[in-house]
Structures are given as structure tokens and as C-alpha cells.
Amino acid sequence: MKRTHRCAEVTAEDVGKEIVVMGWAHKRRDLGGVIFIDLRDRSGVLQVVFNIENDSALHAKAEQIRSEYVLAVRGVLVNRSEDTVNPAIATGKWELVAKELRILSKAATPPLLIEEDIDTNEAVRLKYRFLDLRRPDMQRNIMLRHKITKIARDYFDEQGFLEIETPILMKSTPEGARDYLVPSRVHPGKFYALPQSPQLFKQILMVSGFDRYFQIARCFRDEDLRSDRQPEFTQIDLEMSFVDVDDVIAVNEGFLKRAFDEVLGIKLETPFTRLTYREAMDRFGTDKPDTRFGLELVNLSDIVRDSGFKVFSDAVSKGGSVRAVNAKGCGYKFSRREIDALVEFAKSYGAKGMAWISIEEDGLKSAITKFMSEDEINRIIKRMDAEPGDLICFIADTDEIVFEVLGRLRLEIAEKLDLIDDSKVNLLWVTEFPLLEYDDEEKRWVAKHHPFTSPMDEDIGLLDTDPGKVRAKAYDIVMNGVEIGGGSIRIHDQELQKKMFSIIGLPEEEAQKRFGFLLEAFKYGTPPHGGLAFGLDRLVMLMAKRNSIRDVIAFPKVQNASCLMTGAPDSVEIKQLRELHIRVLEAD
RNA sequence: GGCCCAGUAGUUCAGUCGGUUUAGAACGCUAGCCUGUCACGCUAGAGGUCGAGGGUUCGAGUCCCUUCUGGGUCGCCA
């Protein structure tokens with residue numbers, strides 16, 4: 001028998017024809033003289049009928065069918081009688097009257113239900129991933145992922161990009177995440193590193209004149225996992241020559257526009273909103289704002305500069321700030337206990353406390369108003385646009401902590417008030433990131449993006465005088481409060497590149513040792529260039545409306561970076577270690 | 001590395017104040033019956049190291065300690 005159709009790909013045209021379908025026995029309904037089998041493949045299900053009156057031998061064979069047996073069925077597709085049509089399934093108008101059955105494979109009882117939206121513990125799902133992946137929602141996720149990568153290949157090809165592979169075994173470079181290392185057999189004591197991204201190679205491809213490069217690139221970072229972080233993940237990685245920020249942004253908006261249209265039927269308006277880093281922080285307290293709801297941060301530092309409430313005035317005089325959000329309606333909605341929980345929430349992100357004022361019809365409820373003047377309070381209420389029923393939450397500290405805490409608080413309150421409209425797609429660019437940030441522990445400047453990011457032309461002069469103020473030609477693309485991609489225009493001038501290395505405290509010698517090949521390449525004629533990388537897993541996760549990238553990766557790893565299905569990582573033979581010149585130390 | 005949550009049948013869960021002979025339910029599974037089901041139905045049945053180890057107690061699924069596993073989160077993630 002040769003398959004003629006996928007189960008759910010039959011059409012009205014096929015009615016009356018003899019067809020052959022193959023798949024898994026999804027459900028069996030044995031009514032005695034008639035047996036119904038829902039046969040499932042990746043397209044969906046089709047009901048197959050075995051009737052004892054038509055063929056008693058065939059019917060007897062069908063009695064052996066159990067869940068998840070793999071079957072081949074030859075039969076005639078017929079219209080169901082009107083009263084037996086099932087509108088719940090795509091093929092519900094038809095059924096296959098079996099003429100021949102082959103049991104291609106028997107199956108043990110599966111440890112999890114092959115059904116949509118099961119409630120099963122993720123450990124079970126991951127151990128039996130081959131079964132989990134049979135479930136229709138997982139099949140949809142994986143197919144969605146395929147569609148998105150297909151669109152990426154088509155789109156970037158049409159835009160003149162070349163897909164070029166870069167090495168998986170490469171050289172460890174300083175800065176950034178912890179590397180995965182691969183020992184060299186040929187070079188005792190030396191190691192390859194798996195790429196955290198193809199960054200250096202794609203820049204070198206620009207030096208080589210390929211002009212526009214892209215790749216669906218696997219990347220590796222040996223850091224702790226989260227629901228949106230895996231030790232190996234995939235980027236849609238690209239780089240372009242002779243461009244500036246706007247060019248990179250435009251070509252990528254084109255990609256997203258097309259992907260959302262073709263995959264989800266969502267028409268995106270371009271250009272997307274752009275926020276500078278400064279504005280994003282001021283208004284939302286984060287560089288990846290979710291602007292599907294309001295609750296914006298308000299700066300009150302000028303009002304409380306000389307406040308009788310020392311917590312406020314001290315924060316300002318020490319160079320920090322006092323900012324607040326107005327949780328509309330929460331004064332009435334939240335119990336004292338819930339407000340206390342918010343205070344604890346704020347503390348867990350580093351705030352020393354959280355002051356609040358609850359505005360009520362007949363006055364204010366607050367522990368801090370007694371320290372403040374009436375004028376001060378009135379100005380705060382006015383600026384916060386507060387009315388009875390509202391709850392103003394204040395954080396006073398360094399800007400860093402104020403933004404961190406209020407940004408988190410804003411999301412927490414929005415979630416509690418159910419302010420987030422899941423049907424909205426909120427895409428925006430954040431631009432003009434700081435080039436550098438100061439690392440208190442290491443007592444030096446570090447690159448916020450990476451050390452090849454170009455400063456903005458007008459800020460180059462500040463490199464020597466006030467490095468913290470220098471803005472970068474860097475941009476992130478943010479969807480619904482999740483960073484789904486980012487990139488920058490790179491430094492293509494070797495002198496400027498050397499300067500960058502020196503500012504971040506990377507000695508010339510060390511830079512030569514680690515990045516010498518790049519610096520060498522830059523000597524021979526480097527086009528201005530820049531690029532971007534999307535986190536494919538996160539993009540697919542959001543488009544599939546999932547909460548974890550594990551649901552859009554066929555074989556993900558769990559929190560301790562092991563694979564429950566294969567058992568990786570595992571110990572190896574001493575012989576293998578010897579070849580690699582490796583001895584394992586006793587665990588600490 | 002820190003903190004929080006969860007581990008009881010194949011799966012999802014219930015299990016009261018530590019005490020009622022043999023730890024229950026649903027789904028799944030097995031067998032029988034059943035000719036229009038699609039959450040098929042009916043009848044019967046099998047299925048348990050209560051994650052593991054230790055402790056308290058006359059008595060532990062239940063209380064205590066340790067540990068393992070999974071999830072979330074902080075740190076970490078240029």
C-alpha cells in the first residue's frame with residue numbers, strides 16, 4: 001500500500017474515491033458490530049469505519065487495534081449521513097470506509113495522553129518527548145517554527161542576503177557569557193569554545209565583501225536556564241554593509257511584518273514605535289517595556305527635594321530620585337494585606353521600602369503624609385493625576401534601583417489588575433543604549449552590548465571625558481515586554497576599536513590575543529556595517545502564545561541543563577578522557 | 001549559590017486533628033457485552049517503594065531533619 005493522502009488533507013473532491021491513509025490510532029470506539037478509529041497524522045484526524053456487515057474478517061482484525069498503533073488503511077471516502085456529521089473536526093463531514101487494514105506497528109500504552117492541552121508534569125513530557133511531540137498543540141508549535149524560519153530564508157534571500165554557515169568550533173573570547181568548551185585531542189590542554197553568537201565571523205564576512213549575510217544560527221551560553229533561556233538556542237542572525245541604524249531597522253521591520261501576516265494573519269503597521277533607552281527607562285523603568293498598558297512612571301524628585309520626609313529628600317540629595325506609579329483604582333481594590341505584599345515585592349528587587357498613599361473620598365490613607373506639607377501632597381496628587389480610589393506607590397533610591405523596582409512593580413500591578421490584553425501585538429524598538437556601563441565589582445567600564453558596538457557620532461568626544469554618557473548605535477526589538485532581538489552598527493575603524501578595548505580595560509596584548517584576527521581583518525579595508533539577531537525561540541514562543549521556549553524547541557533541556565530524554569550530559573570512558581588529555585577532579 | 005512551589009496508581013488529583021480492617025476518585029489500561037460513535041455506553045478487573053533516606057511516636061502519606069527530582073525566581077545571561 002502506498003499513502004495517497006494525509007488524514008486531514010482529504011477534500012470533498014475525494015469523496016467516492018479509494019484512498020490510502022497512514023497514521024496513529026488516536027481513539028478507538030468499538031460499538032460491537034462497528035468500530036470507529038480516529039486515525040491521526042500531523043495534519044489531523046480522519047474517522048475510519050470497520051463494519052462487520054461489510055467484511056467480518058477485516059472487522060475482526062480491527063478489533064486488535066489499540067491506542068497509538070500505527071496503521072495503513074485503504075478504503076473509500078464517503079459522506080457521513082447528516083445526523084452523524086461531526087462539526088468539531090475538520091474532516092467531520094466524511095469518513096473512510098475501510099477495505100484493507102495493515103497494522104504497521106503495535107504500541108505500548110503511552111505514559112501520557114496524546115491530546116491537546118494536557119496537564120501532565122513537564123518532567124514526564126520531556127522524558128517521553130517523542131510522545132509529547134505527537135500532541136496536536138506541540139505539532140502546531142513545531143510547524144509554526146518551521147514556517148517562521150522558512151519565511152526568514154525567503155525574505156532575507158529576496159532582500160539580497162546570503163546564507164553562510166560559520167564555525168561551531170571556535171575560539172573562546174573574553175567578555176560575555178560563560179563559554180561551553182570542547183577539548184582538543186590534537187592540541188593537549190587547548191579548547192575550542194562553542195559560539196555564543198556568530199558575531200565576529202559575521203563581521204569578518206562583511207570585510208570579505210559579502211555585503212549581506214544571514215544565518216539560522218545555533219548559539220551556546222553556559223548560564224542558568226529560565227523559561228525563556230536555554231543553553232543552546234537559535235538566532236536569526238544577520239549583518240549588512242554600508243548601512244546605518246535606520247537601514248537595519250527597516251529591513252527587519254519588513255521581516256516581522258511579513259512573518260506576522262503570513263503566519264498569524266496579523267497586519268503590522270510600520271514603522272514601529274521607537275523609544276530611546278532614556279525614554280524607555282523614564283517612562284517604564286525598563287529597556288524592554290510592555291506598552292500594552294499605561295501605569296507609567298512619574299518623576300517627583302523636584303517636588304520632594306526639600307520634603308520633610310527624609311527618605312525622599314535624602315534620595316534626591318544623594319543623586320537618586322523619587323518616582324511613583326499611580327495604580328488606578330487599587331486604593332479601593334487592594335486590601336491592606338495586598339499592599340503589604342507589594343511592599344515585600346518591592347523589597348525583593350532591592351528597594352529599602354515602598355511608600356504609598358491611598359486616596360479616598362474623605363482624605364488620604366498613608367504613613368508618610370504626616371511628614372509632608374499640604375502643598376507638596378497636592379502637587380504630587382496633581383502630577384500623578386490621582387483621584388479617589390487610586391493608590392500611589394513611591395520608590396526613592398538611586399535611579400538604578402528606582403527603575404528596577406518600579407518597572408517590576410508596574411508589571412506586577414498590571415497583572416494583578418488584569419490590564420494586559422493578550423490579543424495585542426506590541427512591537428517597538430529601543431534605541432540609543434548606553435555604550436558602556438560601570439561594573440562595580442570589576443571596577444571598570446564594560447560594554448553594554450558588545451565591544452564592537454559603535455558609539456553615536458555626536459558622542460564620540462565623550463569617550464575620553466564621560467564614558468557613561470556615550471550612547472551607542474545599538475537597538476533592541478521588543479515584543480510585549482520581551483526582548484526578541486537586538487543589534488548595532490559596528491565599529492569599522494581600527495583606531496576607534498582599539499580605543500574601545502582600552503576603555504573597557506582590555507590590554508592591547510590581550511585584545512591581540514583574543515581578537516587579533518578581527519583587528520587584522522579591519523586593516524584591509526572595512527565597510528561600515530551593522531546587523532541584528534533575533535532570538536528565534538522567543539519570537540516563536542510569543543507567536544505561539546506560549547509561556548516557555550521549551551514548548552517551541554523540539555528537544556529542550558531542563559533547569560539543570562540536562563536532557564531528560566537522552567540523559568545528557570553523562571560521564572564518558574576513561575579512554576576518551578585520556579585521548580583528550582583530561583583528568584576529572586573530585587567534585588567540590 | 002540563595003529563596004519559593006510541587007512530588008500519592010500509567011496520568012491528573014483527593015486524602016480532615018497523626019489513628020476506622022485492604023490508601024480513594026477520575027481518565028487511561030485489560031476482559032466481556034454492544035451496529036452510528038466521535039468525552040461512545042454498560043459490566044467486571046488489574047494497577048501503589050505515598051520520590052528516597054533517617055528521626056519523633058504505641059502508631060506517619062500526614063510531624064521533624066537530610067536528600068533527590070521537576071518548575072518559578074534572584075544572582076548570572078557582553
Side-chain angles (χ1 to χ4, degrees), chain A residues 26-39 45-54 56 59 63 66-68 78 80-89 91-92 95 97 107-128 131-132 173-179 196-197 199-200 219-231 233 344-345 347-350 404 408 433-437 439 441-442 445-453 472 474 483 486 488 500 504 506 514 533 535 547-548 550 557-560 562 564 588:
Chain A
H26 186 59
K27 279 278 163 59
R28 170 179 68 118
R29 290 179 296 279
D30 182 350
L31 277 67
V34 61
I35 298 169
F36 298 100
I37 301 291
D38 289 338
L39 195 69
V45 295
L46 175 66
Q47 175 164 283
V48 181
V49 194
F50 297 91
N51 194 313
I52 199 166
E53 277 179 5
N54 295 350
S56 62
H59 175 271
E63 280 186 322
R66 293 293 179 270
S67 284
E68 299 306 309
V78 301
R80 297 197 197 179
S81 68
E82 217 153 282
D83 54 321
T84 60
V85 164
N86 182 355
I89 62 171
T91 58
E95 62 190 7
V97 176
T109 303
L112 48 86
L113 264 52
I114 313 298
E115 275 174 15
E116 195 112 346
D117 299 324
I118 55 170
D119 223 350
T120 304
N121 186 312
E122 208 171 340
V124 177
R125 289 177 52 201
L126 289 174
K127 178 168 179 196
Y128 299 97
L131 297 176
D132 192 39
T173 51
E175 306 262 325
R178 196 175 296 117
D179 281 324
Q196 295 179 25
S197 79
Q199 185 60 38
L200 301 176
C219 306
F220 306 85
R221 295 180 189 175
D222 187 4
E223 298 291 349
D224 284 350
L225 288 75
R226 289 287 188 279
S227 53
D228 63 352
R229 270 165 35 190
Q230 284 274 309
F233 61 101
E344 285 312 307
F345 180 87
K347 284 183 182 168
S348 73
Y349 288 101
E404 167 76 12
R408 301 268 192 177
F433 277 81
L435 183 69
L436 301 155
E437 55 192 356
D439 185 322
E441 258 176 49
E442 297 197 33
W445 291 100
V446 295
K448 188 168 171 74
H449 186 54
H450 58 56
F452 315 106
T453 300
E483 181 200 325
S488 63
M500 247 321 257
I504 63 173
L506 191 66
R514 293 297 170 188
N547 295 319
S548 163
R550 293 188 297 273
K557 291 176 177 58
V558 298
Q559 202 164 38
N560 63 17
S562 60
L564 295 184
D588 296 326

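A, B, ... follow the sequence lines: proteins, then strands. Residue 1 opens every chain.
B:rU12 sits 15 Å from B:rG28 when the P atoms are compared, rounded to a whole Å. For B:rU35 and B:rA25, the C1' atoms lie 33 Å apart once the distance is rounded to whole Å. Using atom C1' as the reference point in both B:rG32 and B:rA46, the two lie 15 Å apart (nearest Å).
The side chain of A:Gln47 lies closest to B:rG36, out of B:rU12, B:rG36, B:rC74. Ranking B:rU37, B:rG70, B:rU12 by closeness to the A:Leu564 side chain, first place goes to B:rG70.
Atom CG of A:Asp38 and atom OG1 of A:Thr91 lie 8.0 Å apart (nearest 0.5 Å). Distance check, rounded to the nearest 0.5 Å: CG of A:Leu112 to NZ of A:Lys127 gives 11.5 Å. Rounded to the nearest 0.5 angstrom, A:Leu200 CG and A:Phe452 CZ are separated by 4.5 Å. Of the inter-residue distances, the one linking A:Gln199 atom CD with A:Thr173 atom OG1 reads 10.0 Å to the nearest 0.5 angstrom.
Not a single donor-acceptor pair, N or O on each side, falls under 3.5 Å between the base of B:rU69 and the side chain of A:Gln559. Below the 3.5 angstrom threshold, one finds no donor paired with an acceptor across the side chain of A:Arg28 and the base of B:rC38. Taking 3.5 Å as the limit, the base of B:rG75 and the side chain of A:Asp224 contain a donor-acceptor pair of atoms between them.
For the pair A:Asn86 CG and B:rA39 C1', the interatomic distance rounds to 11 Å; values are reported in whole Å. Taking atom CG on A:Asp30 and atom P on B:rU30, their separation rounds to 12 Å, with Å as the unit.
Look at A:Arg66 and you'll find a side-chain N or O under 4.0 angstrom from OP1 or OP2 of B:rA31.
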Identify all pairs in which a protein N or O lies below 3.5 Å from an N or O of nucleotides 3-7 of chain B, and state each distance.
none

